[in-house]
Each structure stands twice: as C-alpha cells, then as structure tokens.
Number of protein chains: 2
Amino acid sequence: MKGNGVERVAARLRHRGRRMTVQRRAVLEALAALGCARDAETIHARARAAYPKLGLVTVYRTLEAFVADGVAHPVFFGDGRVRYDLSEDGGHHHHLVCLSCGRIARVDECHLPPSRRLGRPQGFTVTAHRLELFGYCPRCAPKA
Amino acid sequence: MKGNGVERVAARLRHRGRRMTVQRRAVLEALAALGCARDAETIHARARAAYPKLGLVTVYRTLEAFVADGVAHPVFFGDGRVRYDLSEDGGHHHHLVCLSCGRIARVDECHLPPSRRLGRPQGFTVTAHRLELFGYCPRCAPKA
DNA sequence: TGCTTGTTGAAAACGATTTTCATTGTCGGA
DNA sequence: TCCGACAATGAAAATCGTTTTCAACAAGCA
C-alpha cells in the first residue's frame, strides 16, 4: 500500500466483496496512529476514541479482514498475543523489542540473503520470513 | 548442551534445586526422539509411550522448567501454539515451515549479521533473535 | 530411614481469540 | 432515490492452548 488512505483501503476491500464501515475506518485510523505492532486490545481502545460503540469482537474481525486483504500484517513476539502492522508498499519490516520495557522499534532494512538462497539446502522455496530482534533499548540498556 | 544425555540434563536441573523424575525423563526422551519444533500435545502423546500416566499439565510444567534451565527453547510459528526444541551447544537454529503440509526443517546456518550491528541504528543492544522461514517443501513445491 | 520440598495429576481457572445469532447498514442495481 | 441482498455488527457464549489450585506423592540430602 502506498499511503494508507481510507479510500485506498476501501477500494481494496470492495474489490473482494467487503464493505467499508465506520468501524473499519476507526480501526484503520487507530492502526495508523498507533504505529507498529499493536495488539487488538490496544487498537480497540484507540479506535473507540473515534467510535465509542466499537466492540472488541469487531476489531478482531476487522483485523482478520485487513490481513486477508493485505492491508495489515500479523506480528508475533511469542507472548501469546497477536500484534498488527499496517502494510506498506516497498516491503516488510522487522522489529526490535526491548525485553525490559517492552518498547518496540521498527527495523526497515532486512539483512537477510535473498529468499531463494535461504531454503536451497533443504530444497524449500521460501516465500516469506519473520524476524524479530530482542534486546534492550537505549533507555534500558545496561550502561557498559 | 553437548549431547542431551539424561544425566547431563539431570545435573543441570539439580543445579537449580530441581529434581529429575520419571515424567521429566519421558518428556526429555520424547523431545529428543521427535526432532525439532513440536508442540506440547505432540510431546505429550509421544512421552506417554514411555510413561502412560503422564499428564498434559506435567508436560507443560516440565517444558517450562526445561526452558528456564536452558535445556529447551520455545519456538513460535504464529499459529497460537508454542513449540519446543531441545537446546544444543554451538548455538541456535532456525526453521523452514512448509505452508502446504506443515513440514518443518532445521536451518543450522544463521545468515544474519552479528547482533551488535542489528540494533545499532536504533541504539538497541540485541541479545537474541528469532527467524522463521515460510514457503514450500520439495514435495509441495509448485513445480516451476 | 526420615524429612523437607519440589513434583504430580485432576479439575478448575484463565486469557486471547472465535463463533453464534439476531439485528443493522452498505452499496450495487432498478 | 429507493430497494434488497448479504456483509458486518454487538453481546454472549464457546474454543483452545496454557496456567493455577490443591491435596497426595516422591526425589534426594541428612
């Protein structure tokens, strides 16, 4: 997605027989405002600012639709809850997670070799990957 | 761990005030026999071959202890269940997951730059990372 | 052997996510 | 512009993996 204008997303949804509703607009805006890797609960809280009646279930359903339509991506840190990123054109990005305060930072460069090399030894055709980095942010870093 | 002999693991557990029990032995053997990235349910089923009375709860508790003591590592594929790998000396490994049949293969080489470079732009101190590759295994690969 | 404490199993509790179902609202077409 | 088909919604209940509770048990040191 190049620019995640509501119109652009609406068009993408409509293309699949889906509809753009006030609720989805609110979730989309929350997603854009919150930055990357937020969980459903957080997104729900934020989206309620725009549409107070919004239910958490609808947030889950909306995120599911967004993921299916390529509007958002799920992210997993292994703490038992799914986070979501708004998709952006020009590819994926990864995350740095602070093990102390939980802060999350984006990593735009991907230092991995091209997909086709990654699975070659095992004969796999790699189509996607997921990389998360864990450590300590500047604020929490053990001052050496 | 160099060689995951029961004795070696027992020693490591005892070192932390833990005890080696029949149940833990069964889980350890199941873990070794099953290969990498298996979920608790699968490990439970396998371990029951050695100790039929084994409860699923005990498997969870044992895996938790193994992870805390560095005997095993948790792995997340994002399908809402945790998988476990026996730890091995000489470092971590990653996985190739077949999106069609679910087959899992190990990737021993890590093509990532050294940790200290990865978080530098954001000022993070990276201490660990997690990389999973998704795609299609030789059997499921779309023959080009 | 005896005792201290970690461990176990079954049942119940949990928390995130999904489903059910009746109601509401979007949007393509008349 | 109005209509109607059908996607979307909200609340409550259901799922599902995992964790906690609690009384009975057993590993390993004295």
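Quick note on labels: first sequence line is chain A, next is B, and so on, each numbered from 1.
- When the side-chain nitrogen and oxygen atoms of R24(A) are compared with OP1 and OP2 of dA8(D), one or more of them lie within a distance under 4.0 Å.
- Residues P74(A) and V82(A) approach most closely at CB-CG1, 3.9 Å, considering heavy atoms.
- Smallest separation of non-hydrogen atoms from L34(B) and I43(B): CD1-CA, 3.8 Å.
- Taking both residues in full, the closest heavy atoms of P121(B) and R117(B) are given as CD-O, 3.7 Å, listed atom of the first, atom of the second, then distance.
- Counted by atom type alone, D85(B) and H93(B) present one or more donor-acceptor pairs between their side chains at under 3.5 Å.
- Computed from coordinates, the L63(A) CG to dA8(D) P distance equals 14 Å when rounded to whole Å.
- A donor-acceptor distance shorter than 3.5 angstrom exists from the side chain of S87(A) to the backbone of G70(A), with no hydrogens or angles considered.
- Its side chain within the 4.5 Å cluster rule, V126(A) clusters with L96(A), V107(A), L112(A), L118(A), F124(A), L131(A), L133(A), L96(B), V107(B), L112(B), L118(B), F124(B), V126(B), L131(B), L133(B) among the Ile, Leu, Val, Met, Phe, Trp and Tyr residues.
- Between T62(A) and V22(B), it is T62(A) whose nearest contact on DNA chain D lies nearer the 5' terminus.
- Around the CZ atom of R106(B), the shell of radius 6.0 Å holds more than 12 heavy atoms that belong to other residues, nucleotides or ligands.
- Summarising the geometry, the separation between CZ on R81(B) and C1' on dT15(D) is reported as 12 Å, rounded to the nearest angstrom.
- On the nucleic acid side, DNA chain C has its first and last nucleotide under 4.0 Å of a heavy atom of chain A at dA16(C) to dG28(C), going 5' to 3'.
- When all heavy atoms of R19(A) and R24(A) are compared, the pair lying nearest together is O-NH1, 3.0 Å.
- Atom CD in E41(B) sits about 6 Å away from atom P in dG17(D), given to the nearest Å.
- A heavy-atom distance below 4.0 Å to DNA chain D is reached by these residues of residues 45-61 of chain B, ordered by number: V57(B), Y60(B), R61(B).
- Aromatic rings from H129(B) and H95(A) are positioned such that their centres are separated by 6.0 Å or more.
- Judged as a salt bridge (charged side-chain N to carboxylate O under 4.0 Å, His left out), and not counting sequence neighbours, the contacts of R18(B) are D69(B).
- When rounded to the nearest whole Å, the span between CZ of F76(A) and P of dG17(D) equals 15 Å.
- Looking only at distances, a side-chain donor or acceptor of R16(A) sits under 3.5 Å from a matching main-chain atom of A68(A).
- The minimum heavy-atom distance between V6(B) and M20(B), with the atom names listed, is O-CE, 4.1 Å.
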Grab the N/O contacts between the protein and nucleotides 28-30 of chain D below 3.5 Å, and write none if there aren't any.
none

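- Taking both residues in full, the closest heavy atoms of A26(A) and A47(A) are given as O-CB, 3.6 Å, listed atom of the first, atom of the second, then distance.
- The overall bend of the helix from dT1(C)-dA30(D) to dA30(C)-dT1(D), read as the angle between its terminal helix axes built from five base pairs each, is 30° when rounded to 10 degrees.
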